[in-house]
Amino acid sequence: MNSLDNTAREILERNDKGRYTIPTSGLYPYQWNWDSVLAAWGFATFDIDRAWTELETLFNSQWDSGMVPHIIFHEDSPGYFPGPDIWDTGQTPPTSGISQPPVAATVAAKVWEMDRQAGAERIRALFPKMLAWHRWYHTVRCVHGPATITHPWESGRDNCPDWDIGMEGVDGSGVLPYERCDTRHVDPERRPQKEEYDKYVAILEFGRNCGWNDQAIMENSPFLMTDPAMTFILLRADRDLIDIARALGEDTTEIEGWMADLSAAVPSLWNEELGSYDARDLRRGKWANNISSGAFLHFYAGIRNPAMDKRILDAWDAVTYGIPSTDPKADRFEPQRYWRGPSWPFMNALIAIGLKDAGLNLLAERLRRETEALIRQGGFYEYFDPTNGAPCGGSDFTWTAAIWLAWAGRT
Ligand code: GLC
């Protein structure tokens with residue numbers, strides 16, 4: 001085992017709280033949904049039992065509605081905002097009130113594949129929970145066709161320019177006074193700005209004032225946008241859930257129906273003028289007009305679209321390291337500000353899965369090599385500047401370590 005593999009394992013072990021991992025101490029001291037799922041993929045390379053435990057802990061906090069929350073506040077950690085009191089969801093342990101992209105079925109299928117026997121009982125128990133989560137997505141969040149998000153944080157790509165248009169309609173002026181904690185841990189220049197943050201809090205307060213009632217939020221939330229990434233990730237996860245269901249001898253009709261409906265909605269994500277899949281503000285009926293890594297997940301969803309393929313390559317060729325989170329030629333591109341330009345190792349991993357499935361092995365390998373270089377040169381950071389490889393955000397980051405073990409470091 002090489003020394004970077006060792007370091008990656010040490011990071012996972014350090015961020016391991018027993019039955020779940022935190023993304024990184026300080027900046028993100030709780031369990032986050034998709035971070036945790038990706039951690040499971042990393043754990044599976046050396047401790048399959050621990051990988052299943054990670055997924056099980058996440059689903060233990062599933063709501064009765066089927067929703068799996070984006071943060072689970074297992075233990076008190078006062079240095080984080082917005083904490084459990086602000087979300088006030090009434091769950092035990094406390095959780096946030098929104099979800100995150102459903103990568104669980106995809107990763108669970110991979111973990112199971114790595115050791116069929118060890119996973120046999122665990123996947124059987126997880127299957128109905130994953131099914132219930134997908135059902136929640138399809139029946140609650142997909143009522144307008146493609147998958148929608150009710151808060152930028154639900155997308156997992158917090159301040160991506162995809163959400164600018166939707167955020168314009170949000171009034172952040174009336175939020176209760178609060179103190180941010182994120183800018184104590186990392187350079188404020190690389191984090192979302194204050195005005196944006198006020199709006200994030202305002203959308204959260206709206207959900208809380210609705211008692212986190214799904215229907216009220218879908219009907220009246222000040223923020224509602226369709227998200228290509230959420231749509232593509234859900235489509236992909238449906239496909240993996242079908243494979244799991246078949247292997248378990250479960251009925252697949254319901255999932256196939258969801259997949260067919262969602263696939264039929266994909267063309268409505270195409271912004272003809274932009275020549276790309278694009279997010280759309282459903283409150284004002286306007287496109288985001290932004291080419292982002294969200295749209296680049298079309299391969300991952302098993303969609304072939306030559307015009308979109310070209311968009312990816314153009315954006316990728318314009319930088320040096322990995323796929324940028326926002327089109328480098330756009331005015332809004334900022335190579336170091338969170339989701340407004342940087343390259344995210346785990347996003348590269350998802351895109352590479354899609355490239356490989358499409359038979360584009362050379363491109364998949366190029367993406368792996370560039371991601372490997374980022375981590376070798378910069379360390380296990382949260383994300384990187386795709387133009388010069390500068391490491392950014394939190395250090396000793398769980399999903400970067402996990403992705404190293406599961407993909408980027410495997411030659
Ligand atoms: C940020 C990211 C989100 C991630 C979380 C924890 O909010 O945008 O995707 O899950 O940090 O790492």
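Counting from 1, the numbers follow the sequence of the chain as shown. One-based numbering, in listed order, for ligands and for the atoms of each.
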Looking only at non-hydrogen atoms, the one of Ile22, Asp35, Asn33, Leu27 nearest atom 6 (C) of ligand 1 is Asp35
Of Tyr30, Trp32, Tyr338, the one whose closest heavy atom lies nearest atom 1 (C) of ligand 1 is Tyr338
[X]: numbered ligand 1 atoms lying under 4.0 Å from its heavy atoms:
X      : answer
Gln100 : 3 (C), 4 (C), 9 (O), 10 (O)
Phe397 : 12 (O)
Pro23  : 6 (C), 12 (O)
Trp399 : 4 (C), 9 (O), 10 (O)

- Determine whether any heavy atom of Trp339 lies closer than 4.0 Å to an atom of ligand 1. yes
I'd like to know if His70 contacts ligand 1, where contact means a heavy-atom distance under 4.0 Å to any ligand atom.
no
Quick one: are the ring centres of [X] and [Y] less than 6.0 Å apart?
X      : Y      : value
Tyr321 : Phe384 : no
Trp34  : Phe346 : yes
His151 : Phe223 : no

Among non-hydrogen protein atoms, atom 8 (O) of ligand 1 lies closest to Asp158 OD1, 2.7 Å
Residue, atom and distance of the protein heavy atom nearest atom 9 (O) of ligand 1 read Gly156 O, 2.6 Å
Exercise. When you look at Arg157 and Ser292, which way does the side chain to side chain contact (heavy atoms under 4.5 Å, CB included) test go after all the steps?
Worked result: CA-CA 10 Å; Arg157 298 176 298 120; Ser292 77; 3.3 Å; yes
Whether over 12 other heavy atoms sit under 6.0 Å from Asp317 CG: yes
- Item | Whether over 12 other heavy atoms sit under 6.0 Å from Lys310 NZ | no
Is there a side-chain contact between Arg141 and Met218 in this structure, where contact means two heavy atoms from C-beta onward sitting under 4.5 Å apart? yes
**Nitrogen or oxygen of Glu382 less than 3.5 angstrom from that of ligand 1** = no
| request: Evaluate the criterion side chain to side chain donor-acceptor pair (under 3.5 Å) for residue pair Asp35 and Thr398; output intermediate values, then yes/no. | output: CA-CA 7 Å; Asp35 298 68; Thr398 289; over 6 Å; no
